[in-house]
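Presented below is the structure to which this report refers.
Residues take their numbers from the sequence shown, with the count starting at 1.
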Amino acid sequence: MAETRINESNIFSWLVRGSLLLSVVLGAAGALLISPRFGGSLFVGGLLALANFFWIRAGLEAALRMQPRNASRFAILRYVLRLAIMAAFLYLLIVVFKADVFGLIIGLSVLVLNIIAFSIYLSTRKGG
């Protein structure tokens with residue numbers, strides 16, 4: 001069985017670095033091949049997805065440290081607050097800053113693309 005550089009203890013840092021790198025590469029490619037607005041929107045969408053990912057992780061860690069009685073209410077309130085703030089950011093990006101919607105959508109999907117790629121990589125490296 002082959003040893004993997006990416007494992008369960010360091011997958012978070014690899015996922016963040018990979019998503020950031022993919023956002024930069026796709027943003028630059030989009031800016032060169034389609035338009036600077038598209039590339040910038042894609043990059044900002046990737047950064048927004050990463051910020052959301054950090055926020056989810058911090059919220060889950062905080063909820064797991066709480067008493068079970070209070071944890072569910074805390075998690076729900078944080079979830080609603082996170083969604084409201086993300087909606088406000090997206091509204092500002094689209095309406096005020098005239099971001100390209102398709103670039104934002106692709107950028108927001110960068111993390112999902114990396115999770116799928118890492119899942120395939122880990123399953124093939126472990127003989128799955």
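- Among pairs with a residue in residues 83-97, none fulfils salt bridge (charged side-chain N to carboxylate O under 4.0 Å, His left out), at least two apart in sequence or across chains.
- Evaluation of the side-chain contact (heavy atoms from CB on, under 4.5 Å) rule for Ile94 yields Val101, Leu104 as partners, not counting sequence neighbours.
- Counting only residues at least two apart or on different chains, no ring pair (Phe, Tyr, Trp, His ring centres under 6.0 Å) pair has a member in residues 55-113.
- Within the structure, no pair that satisfies the side-chain hydrogen bond (donor to acceptor under 3.5 Å, both in side chains) test touches residues 95-104, not counting sequence neighbours.
- When all heavy atoms of Gly59 and Arg78 are compared, the pair lying nearest together is CA-NE, 3.5 Å.
- Distance CG/Leu48 to CD1/Ile85: 11.0 Å, rounded to 0.5 Å.
- Cluster annotation: Leu83 is not connected to Leu77 through the hydrophobic network of ILVMFWY side chains, with a link wherever side-chain heavy atoms come within less than 4.5 Å.
- Within the structure, side-chain hydrogen bond (donor to acceptor under 3.5 Å, both in side chains) contacts touching residues 35-44 (residues at least two apart or in different chains) do not occur.
- Rounding to the nearest 0.5 angstrom, the gap separating the CG atom in Leu108 from the CG atom in Leu50 is 10.5 Å.
- Atoms CD1 and CG, on Ile76 and Leu81 in that order, are 13.5 Å from each other to the nearest 0.5 Å.
- By the criterion of side-chain heavy atoms lying less than 4.5 angstrom apart, applied directly or through intervening Ile, Leu, Val, Met, Phe, Trp or Tyr residues, Ile56 is not grouped with Leu64; the two fall into different hydrophobic clusters.
- The salt bridge (charged side-chain N to carboxylate O under 4.0 Å, His left out) analysis of residues 102-112, with sequence neighbours excluded, yields no pairs.
- By the side-chain contact (heavy atoms from CB on, under 4.5 Å) test, Val112 pairs with Ile116, sequence neighbours left out.
- Among all heavy-atom pairs drawn from Ala63 and Ala75, the shortest one is CB-CB, 4.4 Å.
- Residue pairs satisfying the ring pair (Phe, Tyr, Trp, His ring centres under 6.0 Å) criterion with at least one member in residues 7-49, sequence neighbours excluded, are listed as follows: Phe12-Phe53, Phe12-Phe54.
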Show every donor-acceptor pair shorter than 3.5 Å between a side-chain atom in residues 16-33 and any protein atom, with sequence neighbours excluded, or say none if there are none.
from, atom 1, to, atom 2, distance (Å)
Arg17, NE, Ser13, O, 3.4
Arg17, NH2, Ser13, OG, 3.4
Ser19, OG, Leu15, O, 2.8
Ser19, OG, Asn114, ND2, 2.9
Ser23, OG, Ser19, O, 2.9

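- Within the structure, side-chain hydrogen bond (donor to acceptor under 3.5 Å, both in side chains) pairs that include any residue of residues 42-52 comprise Asn52-Arg82 (at least two apart or interchain).
- Residues Ile115 and Leu47 share a single hydrophobic cluster, defined by chaining ILVMFWY side chains whose heavy atoms lie under 4.5 Å apart.
- Both Tyr121 and Ile11 are part of a single hydrophobic cluster, where members link through side-chain heavy atoms under 4.5 Å apart.
- Ser9 is linked by a side-chain contact (heavy atoms from CB on, under 4.5 Å) to Asn7, counting only residues two or more places apart in sequence or in another chain.
- Note: the hydrophobic cluster containing Leu93 also contains Ile105 (ILVMFWY, side chain heavy atoms under 4.5 Å, direct or indirect links).
- Within the structure, side-chain hydrogen bond (donor to acceptor under 3.5 Å, both in side chains) pairs that include any residue of residues 61-74 comprise Arg57-Glu61 (at least two apart or interchain).
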